[in-house]
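First the structure, in the form of structure tokens, and then the observations on it.
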Amino acid sequence: MDRASQLSDRQNSCLMVIFGATGDLANRKLFPALYSLFRDGVLPEHFAVVGVARREKAPEEFRRDVWEAVRRYSRFEAGDETWRDFSGRFYYLRSDLREPGTYGRLKGLLGELDERHGVPGNRIYYLAVAPEHFSPIVENLAAAGLAVIRQGSRGEGSRGAAESGDGRESEQGSHLPGWQRLVIEKPFGHDLASAESLNRQIRAVFDEEQIFRIDHYLGKEMTQNIMVIRFANAFFEPVWNRRFIESIQITSSETGGVEDRGNYYEKAGALRDMVQNHMLQLLTMIAMEPPSSLQTEAIRDEKVKVLRSLKPMDPEEIRKNVVRGQYGAGAIKGQKVAGYRQEPKVGPASDTETFVAMKLFVENFRWAGVPFYVRTGKRLPVKATEIVVQFKSLPEILYFKEYGKLAPNLLVFRVSPQEGLFVRLNTKKPGTEDFIAPVAMDFCQKCEAEANSPEAYERLLFDVMRGDSTLFTRWDEVALAWNFVDPMARVWAEGAPAFPNYAAGSWGPEEQARLFEAGGGWWPVYGQEGAEKVLG
Ligand code: BG6
């Protein structure tokens with residue numbers, strides 16, 4: 001991608017307002033990502049950031065914090081020469097997010113900065129704040145004339161391109177120079193009903209194509225690579241279906257615990273925090289049909305079809321096919337760690353799940369009968385996100401007759417932290433005897449040219465600036481994902497198993513074995529003890 005040429009023109013020049021600019025997300029992800037884009041020379045020349053937050057801070061202090069964040073988390077070293085130019089684009093507005101006066105002051109500041117930085121009125125409003133602030137911020141932006149109130153929403157299905165151009169006219173006829181885009185972090189609601197209500201409030205002000213709902217898993221290099229590998233290689237697409245594929249496993253395991261996010265996590269749990277979004281997004285990329293083009297809506301339409309095809313589960317199937325867990329005290333890499341219930345801001349009798357594993361089905365012609373196994377959990381032994389495609393075995397003749405069961409072929413997408421692709425084949429071992437053993441063809445993306453491959457947020461911020469929402473979730477994706485997980489949350493609300501049911505540092509509760517046929521189980525992930533032995 002020739003990124004430099006794409007953001008250099010006036011169309012992409014913009015001011016980015018980050019609500020929640022003193023928070024964790026801004027510091028760990030947004031500032032470092034902006035700095036990397038700057039170092040790569042792909043930020044628009046006319047660009048500045050306004051951080052908005054409650055804390056009292058002088059502009060110089062805010063710039064120092066940005067420096068500290070970049071120094072700690074950026075994949076580039078913060079060099080002095082580039083720093084002056086970069087930090088000169090950062091401004092700070094102390095304010096209470098619910099206070100309407102804030103937005104008048106913000107408007108004034110943005111007007112001044114347009115002049116100073118040569119920006120033609122384009123705006124990115126980034127909501128890096130707790131979800132209860134989403135709606136009030138959007139309402140206040142509209143009330144202050146920083147975004148346009150729509151009169152009467154058009155249907156969700158109509159996604160005209162009318163507003164994505166230079167100026168934006170509301171149906172009332174009021175006019176703002178430039179474009180306005182809203183970036184919104186997860187969680188997008190807590191269930192379908194709350195997501196619908198949030199969406200209604202946002203859509204009263206922003207059109208669907210102005211809304212960028214973040215799922216940072218879509219910004220990961222290997223997630224984007226799934227489509228390329230599937231649709232740009234002759235040997236995968238013809239066998240990508242129920243006739244040749246036995247099962248698919250999607251794992252996202254974390255060594256970390258809930259850390260200081262107890263407040264949020266107590267209400268979310270692994271189902272809402274990971275499954276509703278990241279895990280189902282990975283599943284759509286693996287299971288979707290080839291899109292008719294690489295246009296944003298063509299790709300999203302195919303992802304939506306996968307979500308529509310998810311086989312709903314009744315309460316009995318949920319009890320059978322979905323397993324939840326919560327970690328107790330244990331050890332990660334030899335270090336003792338506390339149980340979930342002992343974490344800060346977590347109730348001592350909490351029933352929140354920190355692990356989910358499930359077997360699900362995509363009911364369409366391509367996938368009928370193929371089990372998809374999905375698992376995610378905190379305080380597991382290894383940090384890894386991987387997808388294993390297991391192919392069906394060949395008829396048991398020839399070598400199978402001689403050597404007994406042969407290992408199935410596997411295609412493994414290593415999404416993170418190891419990035420790459422791994423194929424397991426059966427070959428003859430060198431020597432006089434016809435001994436057959438699995439071997440690996442291992443493509444490690446990070447080990448090759450791109451040891452410093454971009455972080456997910458770099459790609460996502462870059463896409464917001466150029467108005468490309470392909471790697472963001474459209475409203476119908478969000479709604480269908482809630483629709484799939486809500487019944488699980490409802491069944492679970494009736495009562496939890498005896499938590500904690502797995503020790504930190506183990507692979508989760510034993511009950512997950514019931515998801516598999518006898519003898520089946522999870523394939524090991526990269527870095528797991530003994531993985532090389534199993535994978536070859
Ligand atoms: C976030 C979740 O969306 O994703 C966190 O809220 C989780 O709980 C994180 O730890 C995992 O992201 P990654 O990129 O580290 O796999």
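Counting starts at 1 for both ligands and their atoms, following the listed order. Keep in mind that this is a model prediction, so the values were computed, not measured.
Using cut-offs of 30° and 60° on the angle between ring planes, the pair Phe90 and Phe62 is tilted. Between Trp83 and Phe86, the angle of the ring planes lies from 30° to 60°, which puts this pair in the tilted group.
Of all atoms in ligand 1, numbered sequentially from 1 with element shown, those under 4.0 Å from a heavy atom of Asp273 are 2 (C), 5 (C), 6 (O), 8 (O). Residue-ligand proximity, Lys378 to ligand 1, at heavy-atom distances under 4.0 Å covers atoms 5 (C), 7 (C), 8 (O), 10 (O). Counting the atoms of ligand 1 from 1 in the order shown, those under 4.0 Å from a heavy atom of Lys220 are 13 (P), 14 (O), 16 (O).
At least one heavy atom of Tyr217 sits closer than 4.0 Å to an atom of ligand 1.
Taking only nitrogen or oxygen atoms, main chain and side chain alike, Arg261 reaches within less than 3.5 Å of ligand 1. For ligand 1, the polar-atom distance check against His216 finds a nitrogen or oxygen pair separated by under 3.5 Å.
Looking at residues two or more places apart in sequence or on another chain, you find a side-chain contact (heavy atoms from CB on, under 4.5 Å) between Arg72 and Glu68.
Comparing Lys186, Arg272, Glu254, His278 against atom 10 (O) of ligand 1, the shortest heavy-atom distance belongs to Glu254.
Side-chain contact of Tyr457 with Ser36: a donor-acceptor pair under 3.5 Å is absent, judged by distance alone.
The single protein non-hydrogen atom nearest to atom 13 (P) of ligand 1 is Lys383 NZ, 3.4 Å, given as residue, atom name and distance.
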Show me, pair by pair, the donor-acceptor contacts under 3.5 angstrom made by side chains of residues 486-493, not counting sequence neighbours?
residue, atom, partner, partner atom, Å
Asp486, OD2, Leu192, N, 2.9

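For the pair Arg213 and Phe188, the cation-pi criterion (under 6.0 Å, within 45° of the ring axis) is fulfilled.
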